[in-house]
Peer 1: 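Pasting a structure here, questions to come.
Only this structure's heavy atoms are used, side chains among them; waters, hydrogens and symmetry mates stay out. Letters A, B, ... are given to chains in the order of the sequence lines, protein chains preceding strands, and every chain is numbered from 1.
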Amino acid sequence: MSRKFARSLGGVIAAAALVLGAAACQKEGTGTNEAAKCEGKIAFMGALTGADAGAVLPSRDAAKLAFKKFAAANPNCKVELVEFDTQGDPAQATPVANKIAPDASFIGVIGGAFSGESKATMPIYEAAGLVMVSQSATNPDLTKTGNKSFHRVNGNDTTQGEAAVKYFKDTVKATKVFVIDDGSTYGKGISDVVKSGLGALKAGEDTVQKAQANFDATISKIKGVAGVDAIAFAGYTGEGAPLLKQIRAAGITVPFVGFDGVYDPAFASGAGTAAEGAIVTCPCIPAEKAGGTFAADFKAEYGKDPGAYTAEGWDAATVFLSGFKAGKVTRADMLAWVDAYNEQGLSKKIKFDATGEVDKANVVVWAYEIKGGVLTPKTEIKLG
Amino acid sequence: MAERSVLLKVDNVTLKFGGVVALDSVSFDLYQGEILGLIGPNGAGKTTCFNAMTGVYRPTSGQVVFDGQTVSGKKPYEINHSGIARTFQNIRLFPEMTALENVLVGTDSRHKVSAPGALFGLPRRWGHEEDLPEVRAKGGPDRSWQEFKRSAAKFFGVSRHMQEERAAERKALELMHFCGIERAANEQARNLPYGSQRRLEIARALATEPKLLCLDEPAAGFNPAEKVELMDLIKKIRDTGVTVLLIEHDMRLVMGVTDRIVVLEFGRKIADGAPAEVRDNPKVIAAYLGVPDAA
Amino acid sequence: MTANENTVTKKKKRSFADRWNGLPGWSRFFWIMGGVIFLFYLPELGNIPGTNLEIPGLGFLRTDVGVGGSDWDSILFRCAVFVLIALGLNVVVGLAGLLDLGYVGFFAIGAYSVALFGSQQSPVVKLLRANFDLAPDWALAWSWCILLAIVLTMFSGVLLGWPTLRLRGDYLAIVTLGFGEIIRIIARNSTITGGPDGITAIPGPEGAPNAQNKYFSILDQKWWYWLALVAVLVVILAVRRLENSRVGRSWLAIREDEDAAAVMGVHGFKFKLWAFAIGAAIGGLSGLLFASQQAFIDPSQFNVNLSILFVAMVVVGGAGNMAGAALGAILLTYLPERLRSLGALEFLPERFQDPAEFRYLLFGLAMVVVMILRPQGLLPSKRRARELKDRAQEVPVNG
Amino acid sequence: MNFDALFDHIGQHTVDGLAKGAIYALVALGYTLVYGVLRLINFAHSEVFMVGTFAVMWTWIGIGAGNTPSIGIAILLLVLGGLVGAAASGGTAVLVELVAYRHLRRKNAPSLVFLITAIGVSLSLTEIFGIFTGNGERKIQGMPTILNQSIAIDFLGVEITNLQLIVLAAAFLMMIGLDQFINKTRYGRGVRAVAQNPDTAALMGVNKDRVIVLIFALGGLMAGVAAVLWNMRYGFTRFDIGFVIGLKAFTAAVLGGIGNLRGALVGGLLLGVIEVYFATLTASKWEDVFAFIVLVVVLMFRPTGLLGESLGRARA
């Protein structure tokens, strides 16, 4: 009995010793001396892995390119772009934001790339006084919450939806439009604007699901409505490409208009010949129209053409980089800098209003046509 | 024979699976306090008859009346609550649970089992010494710990759930002792030797406090010495007032222990009577002709 | 006196569980208290609180070391929430043996009940205000939301269980899977739930999320972790009581052999329903904590893959054993996060350098390997021997 | 609920639904075969299908197939695709059995463990294809259109396209072939014997392991054929396509009665039709909800599916 007692007691004591008595050593001093040097980190937050990564990686690459060029031009500026992967999932984005927010070396955030993660994390950044500049979160509600941290350089879904309505009315001259969305925040947001804008011109609608693969039911529905002369799709490539392919295979040849969710080389390659002639609107300027050597530089760096929101990714990075150059190295200074920013960017003239939105008049919406499997700029849709 | 009360009445029970007739208008009575043997060649419908009685199958026609109530058509657990317990031909214990827990499952049949009761431990009772945990350690921290637990139980009172649990544990141990397997209480059921598993099944069935215990080939796989022990156990069970229905292949065992025998063949009853009469019944001899009587 | 005296067959090797159960009660008690203190210390892992000292080595375990990592307190919180889920699912899968592939549905219902009734932004709250003449800033208090979440999830558990628990195991799997999907699709496609946009401003113990909150702040997640930890401890105590009672015994009996249990008087359907309802309530509680901490939910966070991950937690850890289920939950939550901030593995070819990219592949392979090597899970369930060694001999002969 | 939209074109919707369901049915056979013999839900079967679609796609692209080749070449491509798909899917299925399940069976592991292993295998396969295809960006993969869709039959306003016809015909042919194989051949007898009673079958000299490999191969073969039909009809694949199709196919198998070959066909076709009907009545986003509700209702009244479990014996 006593041996057992000693053993049991010994165990308890040993455990306590392990916790308390382990060789403690002095922590390194982590003093934060914030000299006004050109120095700081910017976080890039978005889906870098996972199913939605394809929509984010091009803008990440553009931002990286901007940082690289800046570093080359300003060797005494020690700025760094740190990437954080959220997989586009709000639940994974909040721990990331909670890591970034208390870390004083971060001066700003590029992102969130998607609306959901932006919504989940912007109160955290606001509480920490960190400024966010998103390159691609398009949900209109994001700027309506009174959040002081959130800014975006891209146009929102309302603007794009209105542009699309205009395109249907003026260019396609459609009389019966079948509207399809994917039920996501993004897809539903745009399709609501389009549906109300079209009014009586809307002939039918359907909502597909994320990762849906066969659209027999949707096509069956389109065929059920007589005289459909245009189809609008608000969603992403994953559903858009197979949908378009199946629509064309079913012998429906009417114009197909997608939005920036399918502004993606994979949309054309995924849908193959069916994609020929499809229209994609995007509040993003054609890279070659963006002026400068951006498109060529991007291709030279990565060996591929710029994709969705590359110019915006560059612009978001530039907003911060010019701030660093102007000596804004604290969060408060950087926030003030971004609020007051007024420069011509690659994609548009960037000046944020009180809500963090760029001026609607400056948002450039382009219609692209898929020609020979490549998204080619067709026409700019001028908003009234 | 004095008039004895009928405990169970199998009344014209027929059971069909698709086109196959497994039981064909079988009728027999079971009297309070007797040991009845149910015998017959393989496939005669003995186990099917058990299943029809304990609610595993619902008879196609006819009924089973137990203790004045019709039980055929009721759910197995309801039939068990009304007082029939059984064992299985191919042992069906709860293999991952300890032997004691297996028996405790049986005792639960006689208690009200409710999740809120177990969770919140209400209602409580104060001041009864027999409810409190024992202090058994001779000294040292073990004793202090047990004393601490005892005084805690004294202070907070003991829930009815715990009282019943303690009583059930005592009863389960008694039953295991009764069946000669008390040493195995803390073993996992599947680690027990074969004979102990058979006995454990009997203990578990007895724990449900049955009026009628149905044993399905309890001696299968036993050696002669074990069979003798089992015969004693069955008699001991009957002496506690439990009526026993026994399916068995071993004629010596059946003849040695039963008061009366019912013989089935091809789903039909062919004989019914005292062991000696049945043994000499020409139909029974015909049925068993050429069939070795060992299992 | 040896501990094995009354066993029939002697074990050659004593497993951890045997050793643990062999310890005297008071020693177990101190170990557990030490463990609990350690759990509360975890947010400071590697540091000695109140000093500027650190314990070498321990800091390496945190997820916020290295580039691209996540906040350690948030991950601890997430681990705690998933442990809670694993404990709840363990009641259903491990104890009662019912394969529930739609557990995420209960998680979602718990999350939505606090979001829809507690948030100022929720359509339900707005609707109630408009129709019942309530104050313009009315919303259900957080503490009432807890009750609501538990009631709603229990109710939905019974609602799902009533028609389906009569089905055999494999059919139950697909039906529950469908249930999880239905909850998500409804949340996503109806306006009353906020649709795909989700719900923001979900309250916590200190009310709506606010940077000025003293404990449950937006920036510092420590208190959130401690809250979840308390919930975990309470649930462990509750489930332990059930597990060691005749309710738990009935669950095990059903799991082991449902027909035999029925013949022994166990009302199978009733206990399966209880298991479902209790499991659902725990899932709902964890959903509530998850939604409160995150302050924002949308339907995409509740997809089927999560359900499958939950089952994987329980089975990899060891179904039927709370410690196992908890271990599974911690490993499957923590490891991908730790792998994320491992940094580039420069000794590998360029294509393979980024461990973040491969973490789910590694995860899948690990699952297969663990299952092949240890089919019973990392910590297999083992019924604890009762303390009977003396009493067995006190029983009167011929009882 | 838009009843007009449904009833005005009910014939068309039915045909579309049947053609949609035929592919589910072929994949469902894989679940059913394995379940019928091993009482095990092979969750990795969805990835067996996914691997098939990729194999077929690479074959087509590899031999330089262009869009809509001449009819002869198209048939050749389809047949070649069928062979490659069957080989790839069958191979994957057998590999899963040999690498993962066999050890577990030897250890007599509980069925949950098989499930988790299957999920692990499934996740690994998905990730491998996700990482190593499409530039690591996990994009959808388009492929050449082998056959142009055209209307083959126009009967009372119901249009049946050539692709739908091929899919339906192929599904029925494979189904009949499999049925004959299981019921008429020596190998099939072995399968049925093991399904009914593995231990007795082993005593009677049936090589249980060989039978199990055979059923995995057969299930994979059916998934491979489903893959080539999928590629022909829908013309794309994606690393995570298996999950969506697998879930539907599994539902179909349960609906018809898992373990029952004909049940898989009935369940698949029925599920396709239900989906199209309800999508027409409401919107595509609700079709899964209705599919599952129908499943629950069917199971409540027929607890073992529409046709019951019958590859071996029906269980009580």
Peer 1: Report which part of C:F290 has an atom under 4.5 Å of a heavy atom belonging to chain A: side chain, backbone, both, or neither.
Peer 2: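 For C:F290, the contact with chain A is made by the side chain alone.
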Peer 1: Can you tell me how far CD1 of C:I218 sits from OG1 of A:T94, rounded to the nearest 0.5 angstrom?
Peer 2: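 That separation rounds to 12.0 Å.
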Peer 1: Taking A:T185 for its side chain and C:P196 for its backbone only, find out whether a donor-acceptor pair lies under 3.5 Å.
Peer 2: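 Yes, the answer is positive, given that a donor and an acceptor are paired below the 3.5 Å cut-off.
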Peer 1: A:D141 versus chain C, heavy atoms under 4.5 Å apart: side chain, backbone, both or neither?
Peer 2: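 Answer is side chain: those atoms of A:D141 sit under 4.5 Å from chain C.
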Peer 1: Could you tell me which non-hydrogen atom of A:P90 sits nearest to which non-hydrogen atom of C:D298, and how far apart they are?
Peer 2: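 Taking every non-hydrogen atom into account, CG-OD2, 3.8 Å.
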Peer 1: Counting only heavy atoms closer than 4.5 Å, note whether A:E126 contacts chain C via side chain, backbone, both or neither.
Peer 2: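 Nothing of A:E126, per the 4.5 Å heavy-atom cut-off to chain C.
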Peer 1: Do you know which two heavy atoms are closest between C:S70 and A:V96, and how far apart they sit?
Peer 2: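 So the minimum-distance heavy-atom pair works out to OG-CG2, 4.0 Å.
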Peer 1: Grab the two heavy atoms, one from A:G116 and one from C:F296, that are nearest each other, plus how far apart they are.
Peer 2: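 Scanning both residues completely, I find the closest heavy atoms to be O-CE2, 3.3 Å.
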Peer 1: With the side chain counted from C-beta on, respond yes when C:E337 and A:P95 share a heavy-atom pair under 4.5 Å apart, and no when they do not.
Peer 2: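 They are not in contact (no side-chain heavy atoms under 4.5 Å apart), so the answer is no.
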Peer 1: Non-hydrogen contacts under 4.5 angstrom with chain A: give the residues of residues 301-310 of chain C involved, or none if there are none.
Peer 2: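 Residues in range: C:Q301.
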Peer 1: Any ring-ring contact (aromatic ring centres under 6.0 Å, His included) pairs touching residues 79-120 of chain A, not counting sequence neighbours?
Peer 2: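 Those involving residues 79-120 of chain A are A:F84-A:F106.
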Peer 1: Could you tell me which of A:S184, A:P123, A:G88, A:A101 has the largest number of non-hydrogen atom pairs under 4.5 Å with chain C?
Peer 2: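 When all of A:S184, A:P123, A:G88, A:A101 are compared, A:S184 has the most.
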Peer 1: Might you work through the side-chain contact (heavy atoms from CB on, under 4.5 Å) test for C:D197 and A:N139, ending with a clear yes or no?
Peer 2: CA-CA 9 Å; C:D197 295 351; A:N139 189 273; 3.9 Å; yes
Peer 1: Go through the steps for A:N98 and C:D73 under the test side-chain contact (heavy atoms from CB on, under 4.5 Å), then give the verdict.
Peer 2: CA-CA 9 Å; A:N98 274 314; C:D73 297 343; over 6 Å; no
Peer 1: Apply the side-chain contact (heavy atoms from CB on, under 4.5 Å) test between C:R188 and each candidate in A:Q209, A:K188, A:K210; give the one that qualifies.
Peer 2: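 Result: among A:Q209, A:K188, A:K210, A:K210 is the only option passing the side-chain contact (heavy atoms from CB on, under 4.5 Å) with C:R188.
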Peer 1: Working to the nearest 0.5 angstrom, can you tell me the gap between A:I124 CD1 and C:Q294 CD?
Peer 2: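 The CD atom of C:Q294 is 8.0 Å from CD1 of A:I124, to the nearest 0.5 Å.
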Peer 1: Answer yes or no: does atom NZ of A:K148 have more than 12 heavy-atom neighbours from other residues, nucleotides or ligands under 6.0 Å?
Peer 2: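 Result for NZ/A:K148: open.
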Peer 1: Is it the case that more than 12 heavy atoms not belonging to C:Y334 sit under 6.0 Å from its OH atom?
Peer 2: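 Yes.
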Peer 1: Under a 4.5 Å heavy-atom cut-off, does chain A meet the side chain of C:I185, its backbone, both or neither?
Peer 2: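 For C:I185, the contact with chain A is made by the side chain alone.
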Peer 1: Quick check for you: to the nearest 0.5 Å, what is the distance between A:Q92 atom CD and C:S74 atom OG?
Peer 2: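 It is 12.5 Å, given to the nearest 0.5 Å.
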